[in-house]
Protein chains: 2
Amino acid sequence: MQSSKVSDASSVKTDPVEARHSEASPVTVDLTAVIVAVTNGEPRVLTVRPSEGEPDTLPSGPLRPDHRTLQTGLRAWVERQTSLHLGYVEQLYTFADRDRATGECGPGMCGPGESARPVSVAYLALVHEAGADGDPQTAWRPWYNYLPWEDWRAGRPRALDAILERLEQWIAEAPDPLKRRQRAERVRLTFAGNHMPWDEERALERYELLYSARLIAEAWHDQGLAPPSDVAAQPGRDMAADHRRILATAVGRLRGKIKYRPVLFELMPPAFTLLQLQRTAEALSGARLHKQNFRRLVERQRLVEETGELETETGGRPAKLMRFRPEVMLERPAPGVRVKATRRASLV
Amino acid sequence: MQSSKVSDASSVKTDPVEARHSEASPVTVDLTAVIVAVTNGEPRVLTVRPSEGEPDTLPSGPLRPDHRTLQTGLRAWVERQTSLHLGYVEQLYTFADRDRATGECGPGMCGPGESARPVSVAYLALVHEAGADGDPQTAWRPWYNYLPWEDWRAGRPRALDAILERLEQWIAEAPDPLKRRQRAERVRLTFAGNHMPWDEERALERYELLYSARLIAEAWHDQGLAPPSDVAAQPGRDMAADHRRILATAVGRLRGKIKYRPVLFELMPPAFTLLQLQRTAEALSGARLHKQNFRRLVERQRLVEETGELETETGGRPAKLMRFRPEVMLERPAPGVRVKATRRASLV
DNA sequence: CCTCCTTATGCTCGAATTGAGCATTAGTAT
DNA sequence: ATACTAATGCTCAATTCGAGCATAAGGAGG
């Protein structure tokens, strides 16, 4: 079913006529959005509620002639589809792999071989609150549902054991010793083997590795195959087309970004406690942070100021409510929350 | 027909007619490459020699159906156009502004409004040596020819005086006081006014600001106007379409990248002295670095190892020749040359 | 050969940043 | 009162950073 595109691809290769008229191929541009919010310390992405039995989907739509720029096109689509106004928006990446589903053709919906190749331009957007829209067409999903191995907040994720076991198997299956070493090295690098620390920014690399090793259901779909029924072999919920890849890109990018730009505050309500801020940073980076050092950092950089109010619902001593101090943008280049995970995740 | 789910979703909310003729506009995808090399401490980009009287152009070509991915398409084009093999390649950005020339249509050259909108996907590539190809169709140009205000290696660039003068004028011309303050703030932030340090990574922001203020010849062209004849008002050599914007994107991105990934070595010959390495870093970042601290950094991170040879043509005491130590990639995440400009550019 | 110029390389020193953790405060729940 | 929980203040050592002094080792000019 998803395989329709694969047959397109092969027709391109085999049909000499197709190959000869090598002019620019007409394509359509699809704008896809990863819209992120963090509520109660849980990072969520907005999904368009799929039809029964279909995998989850990110909001997206084609670029239209009346869109002046890619970004305005994206905003238009999202605002229409979700009645959500986007604040911070950033371009993520442009994908156009011929052999990898890009989602425009549902089962049987693709035209004949001539159909335009789908190019998708992915965007990342941050919004304040998840709750808002009661739109029944959309749903906020914890992003770690799709990428469970990325969540180290409660220590090493359970899913990793099964994953690493499968990856060892994949390494062993390599056709020759050189490839075997390369695979092993790639696993070690991205999955923190052997003296490598876990690098939370490598979310995309990890996803791509799992895809190569066919631990990602989409890898099977893209080849027109049904994934093995063994659930443990397919960690995380799958998504339509390459949306999970786009999500992984967003996660990695955002994890990097918070370290040198104050984007964290795009996700916060107008007033918040320092712990809430910390929880948000942890939600994104997927790691626990050292509390006192986190505060020191935020305070020394003067990223926030007191509102004067207190939050009493903390479960402990009341906390000062803070607000973002927008002037920082005008003071230093590159302010951000460059935090390092605590060594021992238990602490905090 | 493209995105079934989107039109479904939107048709729920909006006028079905609108939704129906909301076909994706057909577009062509143009792959554009910023190919960078540094020779003798001068950063250069590969340009395709323009026809007489035409502005300089970056190598580019349309995405074709036989290209499996965007990146392979780009490599194919570049290898054909320049007989150059690309090593490091990274996607930069995708541009598709409707109102900004993207090169396919000169003034009046576009067909009727229906013509396909050009989308350009820009890539950055790093290569070892500029000299190589004797291809008469291409030329290596110092990138600061196009962005002279970005070169602070010999102190504050001369061009800045004229630029800032014009920008002051632009600020004063603002239609209302609020806009005036916003313009002033924007200038201060990007051009290091008033206690802001020069942030070399903001190359794109600076370019865009100059574009807004019409200090960039392309800003006039895009509106079908001839730029004023006053040369001082148009700093830097212009390029075709939005290629200078793409170049500015590349410069900013690369300046950021060298700080946390060892990409610098993609530009170096197999063996080099530490000073050559430093000159390369300086060439990219456009600033002078503190020599001893630079060596300390490179050595402490064990980015290089001695080859055992000496370079005697240094003009002074012979220097050890070094080579990149690729093992660093396997040791730590994010090794790089995160250097800060010396306060006083004279030192070194 | 001696002097000067140039670059290479070693080393120091104080300031700032970072990682980790102790201690105290101030609320709520039992 | 006692136990928990979270907020907040503070310390301390290790490391990193910014700046600069000092010395080494070549070549060029006298």
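Throughout, a chain's letter reflects where its sequence line sits, starting with A, and its residues are numbered from 1.
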To the nearest angstrom, how far is [X] atom [atom1] from [N] atom [atom2]?
| X | N | atom1 | atom2 | result |
| --- | --- | --- | --- | --- |
| B:Gln276 | C:dT7 | CD | P | 13 Å |
| A:Glu299 | D:dA7 | CD | C1' | 11 Å |
| A:Lys291 | D:dG9 | NZ | C1' | 13 Å |
| B:Phe294 | C:dC11 | CZ | P | 20 Å |
| A:Leu297 | C:dA20 | CG | P | 14 Å |
| B:Arg295 | D:dG18 | CZ | C1' | 17 Å |
| B:Glu306 | C:dA8 | CD | C1' | 12 Å |
| B:Glu313 | D:dG27 | CD | P | 9 Å |

Using a cut-off of strictly less than 4.0 Å between a heavy atom of the residue and any atom of DNA chain C, enumerate the qualifying residues of residues 317-324 of chain A by number.
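DNA chain C contact set from residues 317-324 of chain A: A:Arg317, A:Pro318.
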Which of these nucleotides, [options], is closest to any side-chain atom of [X]?
| X | options | answer |
| --- | --- | --- |
| A:Arg300 | C:dT17, D:dA7, D:dC17 | C:dT17 |
| B:His290 | D:dA7, D:dG20, D:dC17 | D:dG20 |
| B:Gln292 | D:dG18, C:dG19, D:dA22 | D:dA22 |

Within the supplied structure, the quantity of interest is the number of heavy atoms (other residues, nucleotides, ligands) at a distance under 6.0 Å from B:Glu299 CD; does it exceed 12?
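More than 12 within 6.0 Å, yes.
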B:Arg156 atom CZ, neighbour heavy-atom count above 12 within 6.0 Å
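Count over threshold, so yes.
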If you find the nucleotide of DNA chain C closest to B:Leu310 and the one closest to A:Gly316, which residue's nucleotide is nearer the 5' end?
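Of the two residues, B:Leu310 wins.
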Quick one: on DNA chain C, does A:Gly315 or B:Thr314 contact a more 5' nucleotide (nearest heavy atom)?
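Upstream on the strand: B:Thr314.
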Using a strict 4.0 Å threshold on nitrogen-to-oxygen distance, state whether B:Arg288 and B:Glu282 make a salt bridge.
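Result for this pair is yes, salt bridge flagged.
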Is B:Arg253 salt-bridged to B:Glu90, going by a charged N under 4.0 Å from an acidic O?
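A salt bridge links B:Arg253 with B:Glu90.
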Report the C-alpha distance between A:Trp149 and A:Arg158 in whole Å, list the side-chain angles of each, state the deciding distance to 0.1 Å, and finish with yes or no for side-chain contact (heavy atoms from CB on, under 4.5 Å).
CA-CA 8 Å; A:Trp149 57 88; A:Arg158 279 262 153 258; over 6 Å; no
Check if the side chain of A:Arg296 and the base of D:dG9 share a donor-acceptor pair of N or O atoms closer than 3.5 Å.
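Donor-acceptor pair under 3.5 Å: no.
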Take B:Asn293 and A:Asn293, find for each the nucleotide of DNA chain D with the closest heavy atom, and name the residue whose nucleotide sits nearer the 5' end.
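The residue whose closest nucleotide sits nearer the 5' end is A:Asn293.
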Determine which pairs satisfy side-chain hydrogen bond (donor to acceptor under 3.5 Å, both in side chains) with at least one residue from residues 304-313 of chain A, sequence neighbours left out, and list them in order.
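Checked against side-chain hydrogen bond (donor to acceptor under 3.5 Å, both in side chains) - neighbours excluded - the pairs reaching residues 304-313 of chain A are A:Glu305-A:Arg323, A:Glu306-A:Lys320.
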What pairs with A:Arg186 under salt bridge (Lys or Arg N to Asp or Glu O under 4.0 Å), at least two apart in sequence or on another chain?
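Partners of A:Arg186 by the salt bridge (Lys or Arg N to Asp or Glu O under 4.0 Å) criterion come out as none, since no residue qualifies.
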